[in-house]
Amino acid sequence: HVTSVGAKALAESLHAPTCALRSLHLYSNSITDDGVYALAFALGGTKILMTGPDKGATVTNDDANTLLTSLDLSANVLTCKGATALAETIGTNSSLTHLLLTHNVLRDHGARKLEEALRNNW
């Protein structure tokens with residue numbers, strides 16, 4: 001099973017200039033919001049610095065992976081927080097055209113964030 005630790009490692013690989021991955025299927029693993037934050041950042045989302053002198057600052061990924069077109073995170077441990085991070089990514093990365101999130105616990109708030117991002121960016 002891939003956990004958030006593995007998802008973070010995959011996210012780092014997505015930053016590599018030689019990464020030509022177009023589809024990433026992580027169905028039925030144990031990826032939590034922490035892993036989704038890393039994947040969302042790699043695909044063009046933002047992150048909040050948690051340590052250092054700039055703690056609390058929001059950072060944008062100017063070197064986002066724009067080749068990935070399909071991401072399957074179905075049947076993991078995502079909540080509305082992970083959905084919100086993915087919604088930010090949808091707003092900045094138009095190459096991601098397939099996002100599968102079934103069998104997670106996104107709740108109404110997370111679903112609304114995704115719906116808003118799709119409505120505003122597609």
Does any N or O in the side chain of N65 come within less than 3.5 Å of the main-chain N or O of L14, such that one atom is a donor and the other an acceptor?
yes
With a sphere of 6.0 Å drawn around NE2 of H15, does it hold more than 12 non-hydrogen atoms of other residues, nucleotides or ligands?
yes
If we count only N and O atoms by modelled type, under 3.5 Å, do the side chains of D34 and T32 hold a donor and an acceptor together?
no
Working to the nearest 0.5 Å, report the span between CG of L86 and CG of L96.
8.0 Å
Hey, does the side chain of T3 reach the backbone of S30 with a donor-acceptor pair shorter than 3.5 angstrom?
no
Would you confirm whether N120, through its side chain, and E116, through its main-chain N or O, come within 3.5 Å as a donor-acceptor pair?
yes
So which of T69, L67, L68 actually passes side chain to side chain contact (heavy atoms under 4.5 Å, CB included) with L21?
L68
Can you see which heavy atom on G35 is nearest to which on S4, and at what distance?
N-OG, 3.3 Å
For the student: nearest non-hydrogen atoms of A42 and A11, plus distance:
CB-O, 3.5 Å
If hydrophobic clusters are built from ILVMFWY residues whose side chains come within less than 4.5 Å, do L71 and L118 share one?
yes
Minimum heavy-atom distance A87-A117, with the two atoms named:
O-CB, 3.4 Å
Within this structure, what is the CG-OG distance for the pair L99 and S70, rounded to the nearest 0.5 Å?
8.5 Å
Honestly curious: do L106 and Y37 fall in one hydrophobic cluster under the side-chain, below-4.5 Å linking rule?
no
What heavy-atom pair brings T92 and L43 nearest, and what distance separates the two atoms?
OG1-O, 4.5 Å
Separation between CD1 (I31) and CG (L10), nearest 0.5 Å, reads 7.5 Å
Quick one: does N104's side chain have a donor or acceptor within less than 3.5 Å of a partner on L73's backbone?
yes
Quick one: pull up NE2 in H109 and NZ in K81 and give me the separation to the nearest 0.5 Å.
10.0 Å
For a quick test of reading the model, state the closest non-hydrogen atom pair linking A75 to Y27 and the distance between them.
CB-CE1, 3.8 Å
Side chain to side chain contact (heavy atoms under 4.5 Å, CB included) test vs D33 passes for just one of T84, N76, L78, V77, namely L78
To the nearest 0.5 Å, tell me how far D72 CG sits from L26 CG.
7.5 Å
Could you tell me the separation between the CG atom of L114 and the SG atom of C80, rounded to the nearest 0.5 Å?
10.5 Å
Determine the minimum heavy-atom distance between C19 and S13, stating which atoms define it.
CB-O, 3.5 Å
Side-chain donor or acceptor of T66 paired with backbone N/O of S95 under 3.5 Å
no
